[in-house]
Amino acid sequence: QMQLVESGGGLVQPGDSLRLSCTASGFRLDYYAIGWFREAPGKEREAISCISRRDKITYLADSVKDRFTVSRNNAQNTVYLQMNSLKPEDSAVYYCAAEYSNDYYYDTLCLYGMDYWGKGTLVTVSS
């Protein structure tokens, strides 16, 4: 069964850091670009980041650009979202999604046509 599982969410205080993980099972993550998205109550889903097959960060939202970064470890079939200097407005359910490409050099932005989605992990930033 092909699935993505997010982990690492939790309750933190403003200014804290968290690292979210997105682990694939049933398929090899190195054939996919991985996007991170978040959805806060009452708000539309927001694209946060995208990392291509060749480990290039092709998209990072302005709202997180100086605070979040994304990386991948294909040997562990996992992509990470490192979140620093967290703010209350970062509170949301965070999802990862995978976009297949047979072109290693294709630098997608992960905005359309995601093939697999995880079920999300909740991040709450509150004092």
Side-chain angles (χ1 to χ4, degrees):
Q1 184 178 1
M2 301 179 193
Q3 60 179 355
L4 291 171
V5 178
E6 302 93 340
S7 61
L11 173 63
V12 296
Q13 294 188 339
D16 285 352
S17 297
L18 274 178
R19 189 179 76 163
L20 304 184
S21 299
C22 171
T23 302
S25 61
F27 64 100
R28 286 179 53 175
L29 214 52
D30 56 343
Y31 285 95
Y32 293 78
I34 301 298
W36 283 97
F37 304 80
R38 67 186 181 187
E39 188 168 337
K43 295 187 177 181
E44 292 188 356
R45 186 173 63 198
E46 177 187 11
I48 296 298
S49 69
C50 181
I51 186 166
S52 71
R53 284 189 59 188
R54 64 186 179 113
D55 207 14
K56 179 180 179 180
I57 299 175
T58 57
Y59 179 76
L60 205 55
D62 288 341
S63 57
V64 307
K65 191 164 289 185
D66 298 324
R67 302 181 294 120
F68 292 11
T69 190
V70 59
S71 62
R72 63 190 303 155
N73 185 329
N74 290 333
Q76 295 188 348
N77 230 24
T78 299
V79 171
Y80 302 99
L81 180 68
Q82 178 66 44
M83 307 187 295
N84 301 323
S85 302
L86 283 162
K87 304 175 181 179
E89 51 263 43
D90 294 318
S91 298
V93 177
Y94 283 72
Y95 301 90
C96 64
E99 179 185 343
Y100 175 80
S101 174
N102 59 7
D103 182 354
Y104 179 75
Y105 294 100
Y106 174 55
D107 290 336
T108 179
L109 298 178
C110 297
L111 296 180
Y112 305 103
M114 307 308 287
D115 296 293
Y116 301 107
W117 287 84
K119 294 183 178 180
T121 186
L122 178 63
V123 173
T124 303
V125 185
S126 175
S127 56

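Since we're looking at a predicted model, the values are computed, not measured. Heavy-atom basis, side chains included; hydrogens, waters and symmetry copies ignored.
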Establish whether [X] and [Y] are linked, either directly or via other cluster members, by ILVMFWY side-chain heavy-atom contacts under 4.5 Å.
{"X": "Tyr95", "Y": "Leu122", "answer": "yes"}
{"X": "Val123", "Y": "Val5", "answer": "no"}
{"X": "Val64", "Y": "Val93", "answer": "no"}
{"X": "Leu109", "Y": "Tyr112", "answer": "yes"}

Euclidean distance, [Y] [atom2] relative to [X] [atom1], rounded to 0.5 Å:
{"X": "Arg19", "Y": "Ser7", "atom1": "CZ", "atom2": "OG", "result": "9.0 Å"}
{"X": "Tyr31", "Y": "Ser101", "atom1": "OH", "atom2": "OG", "result": "11.5 Å"}
{"X": "Asp66", "Y": "Asn84", "atom1": "CG", "atom2": "CG", "result": "11.0 Å"}

Using a 4.5 Å cut-off on heavy atoms from C-beta on, say whether the side chain of [Y] contacts that of [X].
{"X": "Leu4", "Y": "Met114", "answer": "no"}
{"X": "Glu6", "Y": "Tyr94", "answer": "no"}
{"X": "Ser17", "Y": "Gln82", "answer": "yes"}
{"X": "Met83", "Y": "Asp90", "answer": "no"}

Search all heavy atoms of [X] against all heavy atoms of [Y] and return the closest pair with its distance.
{"X": "Val79", "Y": "Ile51", "value": "CG1-CG2, 4.1 Å"}
{"X": "Thr108", "Y": "Thr58", "value": "O-OG1, 2.6 Å"}
{"X": "Ala92", "Y": "Glu39", "value": "CB-O, 3.4 Å"}
{"X": "Thr78", "Y": "Ser21", "value": "CG2-CB, 4.1 Å"}
{"X": "Arg67", "Y": "Leu86", "value": "NH1-CA, 3.9 Å"}
{"X": "Met2", "Y": "Gly26", "value": "CG-O, 3.6 Å"}

Using modelled atom types and a 3.5 Å cut-off, is there a donor and acceptor pairing between side-chain atoms of [X] and backbone atoms of [Y]?
{"X": "Arg53", "Y": "Ala33", "value": "no"}
{"X": "Asn77", "Y": "Ala24", "value": "yes"}
{"X": "Arg72", "Y": "Ser52", "value": "yes"}

Arg54 vs Asp107, side chain to side chain contact (heavy atoms under 4.5 Å, CB included): CA-CA, chis, key distance, verdict: CA-CA 8 Å; Arg54 64 186 179 113; Asp107 290 336; 2.6 Å; yes
Phe27 ring center within less than 6.0 Å of Tyr100 ring center: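 When the ring centroids of Tyr100 and Phe27 are compared, they turn out to be at least 6.0 Å apart.
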For Ser49, the option from Leu60, Ile34, Thr69 that meets side-chain contact (heavy atoms from CB on, under 4.5 Å):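 Testing Ser49 for a side-chain contact (heavy atoms from CB on, under 4.5 Å) against Leu60, Ile34, Thr69 leaves exactly one candidate, Leu60.
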Ring pair (Phe, Tyr, Trp, His ring centres under 6.0 Å) partners of residues 34-91, not counting sequence neighbours, each pair once: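 Passing the test, one end in residues 34-91: Phe37-Trp117.
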Disulfide bond (SG atoms under 2.5 Å apart) partners of residues 27-83, not counting sequence neighbours, each pair once: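 Passing the test, one end in residues 27-83: Cys50-Cys110.
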More than 12 heavy atoms from other groups under 6.0 Å of OH on Tyr116: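 Result for OH/Tyr116: enclosed.
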Side chain to side chain donor-acceptor pair (under 3.5 Å) partners for Arg45, two or more places apart: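 Here no residue qualifies.
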Intermediate values then yes/no, side chain to side chain donor-acceptor pair (under 3.5 Å), Ser91 and Thr124: CA-CA 5 Å; Ser91 298; Thr124 303; 5.2 Å; no
